[in-house]
Amino acid sequence: MNRIIQHIKHQFNNRVDLYEKRRGIFQLIAPFYHEDGDMFDIFIEEKDDKIIISDYGMTLMRLSYEYEIDTPNKEKIFSKIISENLAKEINGKIFIESTQENIYQSILQFSQAIAKVSNMRLYKREVIKSLFYEMLDEFIMTDLQQFKPESNLYPLQSRDDLEVDYLFSVSNKPLYLFGVKDNTKARLAVISCLEFQKANLSFESIVVHEDFEALSKKDRSRITSAGDKQFVCLDDFKSRGSSYISRFATN
Amino acid sequence: MLSDSFINQLIACSKVITTSPRKEMITDRQHLKNDMKVCSKDGQYNFSVFMRKNDIFEENFSIGLIYHPTDVPESIVLIRCNGPHGSHELFQHHNKYHIHISTEENMKLGVKPERHAIITNEYSTYQEALKFFIKKCNIEGTDKYFSFVKQLSLFK
């Protein structure tokens, strides 16, 4: 192992150090840091003529402070990060098998994998949730271009507080779309629809929810009564929205 | 943005358990884990507590308090008591028990709030760290879940 340690130090121009954490398991002291200032947990050991670079499960432990990989989709993303960075994972331990000749590249590759897995915390629902309107906009402006969407319109000239998120001019009757991610926006969409009806505007409305079930019971009732067509979540709209607008256009 | 005094107030305010921890940690992907939810005694502030310990290296542990504000979507790790798992960029020593604490300055800078860390002699095992954490965060009613908290008190 001494030979390997000297080789690693030489490869890193003596800017790194290694100390023995347990017998035969050496922790790399190198300037690879997490966002909180803690150093990456990188352990190096020799096994069956191979050099194993691993984290001994520390990356997923650290991630679990704020984020759990507890759904098939999260597992899929995690596996993709691991495989695309040429690493492996067994029971939470992320590792790369290397050789003395490739150890420098392998350590850098491993640190990339650790950084990317650690950043999965950015997929937290509370962070992703704020992206709902951006994701809706991206989908409408790229995948629904054939319906000539226009954004941020005010159908009543005298009411600049009643905004329609998107307009699809695909038939004689305008089709208004409201994106709704919470109770407040749901109420605004309800008020807008009722005011447009009161002003005798001819239109139909679509409501795309971030999560219909997350709305309060009263808000679910109100918006179901005021809107014409609802999609319970963005995925629902992505899978059925286009065909709905097409059918609306031909009616 | 939280001020340093408000962060300290949140850490120190009297808290009660709202979702109980397990009596024993469970194993998950090479680490042991436990969690609980707490709120301030006046019901105004909500928090969660995580307890983690590496399965192989028992000195690699972390116990933290996360604040969940009601007015903004993101939660904030206010304090984390760590074992000597490796270096920190503020102190180049791999063998120190340390505490991460969120600061107003870090929030202003846009870096991870708990990037600030201090070396501590307050504990030298996971159990001592948990005891210290419970006292520091003023969490009541933990005796029935963590019997060693009471036992450790007898020897100090």
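Every chain is numbered from 1, with letters handed out A, B, ... down the list of sequences.
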### Query
Is the closest side-chain donor-acceptor distance between Ser40(B) and Asp42(B) under 3.5 Å?
yes

### Query
Given a strict heavy-atom distance threshold of 4.5 Å, which part of Ile69(A) is in contact with chain B: side chain, backbone, both, or neither?
both

### Message
Among His116(B), Met51(B), Lys53(B), which residue has the highest count of heavy-atom pairs closer than 4.5 Å to chain A?
### Response
Lys53(B)

### Salt bridge Glu24(B)-Arg22(B), side-chain N to carboxylate O under 4.0 Å
no

### Task
Below 4.5 Å from any heavy atom of chain A, which atoms of Ile56(B) appear? Answer side chain, backbone, both or neither.
both

### Summary
Under 4.5 Å to a heavy atom of chain B? For Asn91(A) that would be both

### Message
Can you tell me which residue among Asn34(B), Asp35(B), Asn60(B) is in a side chain to side chain donor-acceptor pair (under 3.5 Å) with Arg52(B)?
### Response
Asp35(B)

### Query
Taking Met58(A), Arg62(A), Arg22(A), Lys93(A) one by one, which has the highest count of heavy-atom pairs under 4.5 Å against chain B?
Arg22(A)

### Message
Just so I understand: if I count every heavy-atom pair under 4.5 Å between each of Glu89(A), Glu68(A), His34(A) and chain B, which residue has the most?
### Response
Glu68(A)

#### Entry: Spacing of Ile79(B) atom CD1 and Phe47(B) atom CZ [to the nearest 0.5 Å]
12.0 Å

### Task
Classify the ring geometry between Tyr56(A) and Phe57(B) as parallel (under 30°), tilted (30 to 60°) or perpendicular (over 60°).
tilted

#### Entry: Interface moiety of Asn106(B) toward chain A, non-hydrogen atoms closer than 4.5 Å
neither

### Task
Could you label the plane-to-plane angle of the Phe61(B) and Tyr123(B) rings as parallel, tilted or perpendicular, counting under 30° as parallel and over 60° as perpendicular?
tilted

### Query
Looking at Arg80(B) and Glu66(A), does any basic side-chain N land under 4.0 Å from a carboxylate oxygen?
no

### Query
What part of Lys33(B) gets closer than 4.5 Å to chain A, counting heavy atoms only: side chain, backbone, both or neither?
side chain

### Query
Given that the side chain runs from C-beta out, which part of Asp28(B) has a heavy atom under 4.5 Å from chain A: side chain, backbone, both or neither?
side chain

### Query
What part of Phe32(A) is in contact with chain B, defined as an atom under 4.5 angstrom from a non-hydrogen atom: side chain, backbone, both or neither?
neither

